[in-house]
Amino acid sequence: DAHEYVISDEFMTNADVPMLATKNIFKNPTNPFTGNVFNDEKNKVGEQWITASGEWSVSVNNGKTFLPSTWFAVKDNIWNPDNWRYIDEVTTMPSELLEKQE
């Protein structure tokens, strides 16, 4: 329902596109492959993990797993430098993130 160009400073990723594209069009839109409802709840809770790799090509990155790299973690307002952490661990997934998933 926008009538003019709109910008947002909210934290977003490419994964938010389906949610934004279906907002106010379908009730409870779901991913047709997983059946999961589109939402952005994970973006609003805790830290978000970002690989520092400069290599984004899937043909180089084993198809679906990025090559080992250092990482960043960010929370809340992405424009506040204090909300960023550098994780100096060259890996496909930082150990502290793996521990949270267990």
Side-chain angles (χ1 to χ4, degrees):
D1 295 326
H3 299 284
E4 58 189 52
Y5 184 77
V6 178
I7 62 168
S8 173
D9 284 337
E10 291 180 66
F11 181 83
M12 294 183 210
T13 69
N14 293 0
D16 290 320
V17 171
M19 179 199 61
L20 294 170
T22 58
K23 185 178 180 181
N24 298 326
I25 296 175
F26 302 104
K27 288 184 179 182
N28 301 317
T30 58
N31 181 320
F33 301 101
T34 66
N36 295 334
V37 175
F38 293 141
N39 64 55
D40 63 349
E41 292 173 12
K42 289 182 180 180
N43 290 355
K44 299 184 186 317
V45 179
E47 293 180 311
Q48 301 299 304
W49 299 79
I50 304 161
T51 179
S53 173
E55 186 56 70
W56 297 98
S57 172
V58 292
S59 62
V60 175
N61 278 302
N62 306 317
K64 63 179 183 176
T65 303
F66 286 109
L67 295 173
S69 176
T70 55
W71 290 72
F72 290 94
V74 63
K75 63 180 181 179
D76 304 324
N77 179 354
I78 65 168
W79 304 110
N80 181 345
D82 293 335
N83 290 342
W84 288 83
R85 281 191 311 119
Y86 175 68
I87 299 154
D88 191 14
E89 178 183 354
V90 179
T91 182
T92 56
M93 185 174 292
S95 56
E96 63 183 272
L97 180 56
L98 286 171
E99 291 169 6
K100 287 182 181 184
Q101 293 181 345
E102 292 176 354

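Rounded to the nearest 0.5 Å, atoms CE (M19) and CG (N31) are 13.5 Å apart. In this structure, the separation between CG on D16 and NZ on K23 is 11.0 Å, given to the nearest 0.5 Å.
Although no hydrogens or angles enter the test, the distance criterion places a donor-acceptor pair under 3.5 Å between the side chain of W71 and the main chain of T91. Judged by distance alone, with hydrogens and angles left aside, the side-chain atoms of N83 form no donor-acceptor pair with the main-chain N or O of D76 at under 3.5 Å. A donor-acceptor pair under 3.5 Å links the side-chain atoms of E89 to the main chain of S95, judged by distance alone.
Of all heavy-atom pairs between W84 and I78, the closest is NE1-O, 2.8 Å. Across all their heavy atoms, F38 and T22 have their closest contact at CD1-OG1, 3.8 Å. In this structure, I87 and P94 approach most closely via the heavy-atom pair CG2-CB, 4.2 Å. Between S69 and S53 the shortest heavy-atom distance is OG-N, 2.9 Å.
Using a 4.5 Å cut-off on side-chain heavy atoms (C-beta onward), F72 and E47 make no contact. Within the 4.5 Å cutoff, the side chain of T92 has heavy atoms near those of the P68 side chain.
Connectivity analysis of hydrophobic side chains (ILVMFWY, heavy atoms under 4.5 Å, direct or indirect) links I25 to F26.
With sequence neighbours left out, Y5 forms a ring-ring contact (aromatic ring centres under 6.0 Å, His included) with no residue at all.
Heavy-atom neighbours of N28 CG from other residues, nucleotides or ligands within 6.0 Å: at or below the threshold of 12.
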